[in-house]
Amino acid sequence: MIDSIVYNNTMCSKKRVEALAKAIHFVVDNNIPGDFVERGTWRGGLAALMLHNITMHCLDKKIFIYDTFEGMPEPGEKDCNTSKRMYEENKGDWCKAGLDVVESVLGEIASTYNHYCTFVVGKVEDTLDITHPKTIALARLDTDSYSSTKKELEVLYPLVVSNGFVLIDDYLDWSGCKQAVDEYFSTIHQATYTKSIVDGSLVVQKK
């Protein structure tokens, strides 16, 4: 059941979903402290995968789910022309899924999803300074743009614990996202983390 819920409600490839599942299993198997974060959830398929593992293993963790729930915001100056074109062509509907859709998907995993999930509505540039976990075991970033990705890393990465993960979904897909990631990690000592590319996404693990 979990596979159908996940794949029916995400646009991520199988390899990217498997990379997330592998990171979650590492967190579970090694008792890594901290909460889960998803920034950019669309219909909630991958948040459902997180919730499934939390409930199945009776973990003392929360999931912080950030999204506008109104579709993709307008790209900025440092984002690629393709993203700007897609925004203009699909304005108001690009990756749009309401909070009610996400809650319905999570409700298929656990009727008590509200006990585990904190929904943060709005643009990340406006919400992250106000609401975020104290510590993070795993964060999945999927907002694609330069400004949102940069803000996410600035606020969230310092909260990631040792052996915790950050997965940046569209690292090789959108130039603005990649630029933000490369700029941020150029300020972080390379000996303090490992990174790998999985089907265009970037998987970072703190040491």
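Just so you know, these numbers use all the heavy atoms, side chains as well, and skip hydrogens, waters and symmetry mates.
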Which atom pairs, one a donor and one an acceptor, fall under 3.5 Å between side chains of residues 44-57 and the rest of the protein, sequence neighbours left out?
residue : atom : partner : partner atom : Å
N53     : ND2  : L49     : O            : 2.9
T55     : OG1  : L51     : O            : 3.0
T55     : OG1  : H52     : O            : 3.1

(request) Measure the spacing between OG of S104 and CG of L99 and express it to the nearest 0.5 Å. (result) 11.0 Å
(message) The criterion is side-chain hydrogen bond (donor to acceptor under 3.5 Å, both in side chains); which residues satisfy it with Y66, sequence neighbours excluded?
(response) none
(request) Please name all residues satisfying side-chain hydrogen bond (donor to acceptor under 3.5 Å, both in side chains) with D126, sequence neighbours left out, ordered by chain then number. (result) none
(request) Specify the closest pair of heavy atoms between T68 and R39, including all atoms of both residues, with the distance to one decimal. (result) N-NH1, 4.5 Å
(message) Hydrophobic clustering (ILVMFWY, side-chain heavy atoms < 4.5 Å, transitive) - are L20 and I109 grouped together?
(response) yes
(request) Please identify each residue that fulfils side-chain hydrogen bond (donor to acceptor under 3.5 Å, both in side chains) with K62, with sequence neighbours left out. (result) none
(request) Under the side chain to side chain contact (heavy atoms under 4.5 Å, CB included) rule, what do T192 and H189 come out as? Steps first, then yes or no, please. (result) CA-CA 6 Å; T192 63; H189 199 291; 4.0 Å; yes
(message) Working note: I65 + T118, criterion side chain to side chain contact (heavy atoms under 4.5 Å, CB included); need CA distance, chi angles, decisive distance, verdict.
(response) CA-CA 6 Å; I65 302 172; T118 296; over 6 Å; no
(message) Return the CG to CD1 distance between L138 and I24, rounded to the nearest 0.5 Å.
(response) 6.0 Å
(request) Would you please name every residue forming a side-chain contact (heavy atoms from CB on, under 4.5 Å) with L172, sequence neighbours left out? (result) K178, I197
(message) Just so I know, are the side chains of D35 and T135 near enough to count as touching, which here means a heavy-atom distance under 4.5 Å?
(response) no
(request) Please examine the side chains of L141 and D169, heavy atoms only from C-beta on, and report whether any two atoms are closer than 4.5 Å. (result) no
(message) Quick test of your reading: applying salt bridge (Lys or Arg N to Asp or Glu O under 4.0 Å), list the pairs with at least one residue in residues 183-199, sequence neighbours left out, ordered by first then second residue.
(response) K150-E183
(request) Assess whether side chain to side chain contact (heavy atoms under 4.5 Å, CB included) is satisfied between N8 and R43, documenting all intermediate values. (result) CA-CA 9 Å; N8 287 339; R43 293 178 58 88; over 6 Å; no
(request) Rounded to the nearest 0.5 Å, what's the gap from OH on Y184 to CD1 on I168? Could you check? (result) 10.5 Å
(request) Give a yes or no on whether L167 and I188 share a hydrophobic cluster (residues Ile, Leu, Val, Met, Phe, Trp, Tyr; joining criterion: side-chain heavy atoms under 4.5 Å apart). (result) no
(request) May I ask whether V6 and V37 are part of the same hydrophobic cluster, defined by side-chain heavy atoms of I, L, V, M, F, W, Y residues being less than 4.5 angstrom apart, directly or through others? (result) no
(request) Starting from W42, walk the hydrophobic network (Ile, Leu, Val, Met, Phe, Trp, Tyr; side-chain heavy atoms closer than 4.5 Å) and list everyone else you reach, by chain and number. (result) M11
(request) To the nearest 0.5 angstrom, please state how far the OH atom of Y171 sits from the SG atom of C177. (result) 8.5 Å
(message) Can you tell me how far apart CG (D170) and OG1 (T149) are? Round to the nearest 0.5 Å.
(response) 8.5 Å
(message) Rounded to the nearest 0.5 Å, what separates atom CD in E38 from atom SG in C117?
(response) 10.0 Å
N/O donor to acceptor pairs below 3.5 angstrom from side-chain atoms of residues 200-207, sequence neighbours left out:
residue : atom : partner : partner atom : Å
S201    : OG   : V198    : O            : 2.7
Q205    : NE2  : N163    : O            : 3.0
K206    : NZ   : Y157    : O            : 2.9
K206    : NZ   : V160    : O            : 2.9

(message) Among residues at least two apart in sequence or on other chains, which ones pass salt bridge (charged side-chain N to carboxylate O under 4.0 Å, His left out) with D142?
(response) R140
(request) Look at the side-chain heavy atoms of Ile, Leu, Val, Met, Phe, Trp and Tyr, link any pair under 4.5 Å apart, and say whether V105 and V17 land in one connected group. (result) yes
(request) May I ask you to check whether over 12 heavy atoms, not counting those of D60, lie within 6.0 Å of atom CG? (result) no
(request) Just grab all the ring-ring contact (aromatic ring centres under 6.0 Å, His included) pairs involving residues 99-145, residues at least two apart or on different chains. (result) none
(request) Work out which heavy atom in L156 is nearest to a heavy atom in L128; give both atom names and the distance. (result) CD2-CD2, 3.8 Å
(request) Just jot down the side-chain hydrogen bond (donor to acceptor under 3.5 Å, both in side chains) partners of E154, sequence neighbours excluded, or say none. (result) none
(request) Go through the side-chain N and O atoms of E152 and T143 and say whether any donor and acceptor fall under 3.5 Å apart. (result) yes
(message) Between T10 (side chain only) and Y7 (backbone N and O only), is there a donor and an acceptor less than 3.5 Å apart?
(response) no
(message) Is there a path of hydrophobic side-chain contacts, each under 4.5 Å between heavy atoms of I/L/V/M/F/W/Y residues, joining Y193 to L159?
(response) yes
(message) Can you list everything that forms a side-chain contact (heavy atoms from CB on, under 4.5 Å) with A137? Sequence neighbours excluded, please.
(response) V27, I32, F36, K61
(request) Give the minimum heavy-atom separation between V124 and S148, together with the two atoms involved. (result) CG1-CB, 3.3 Å
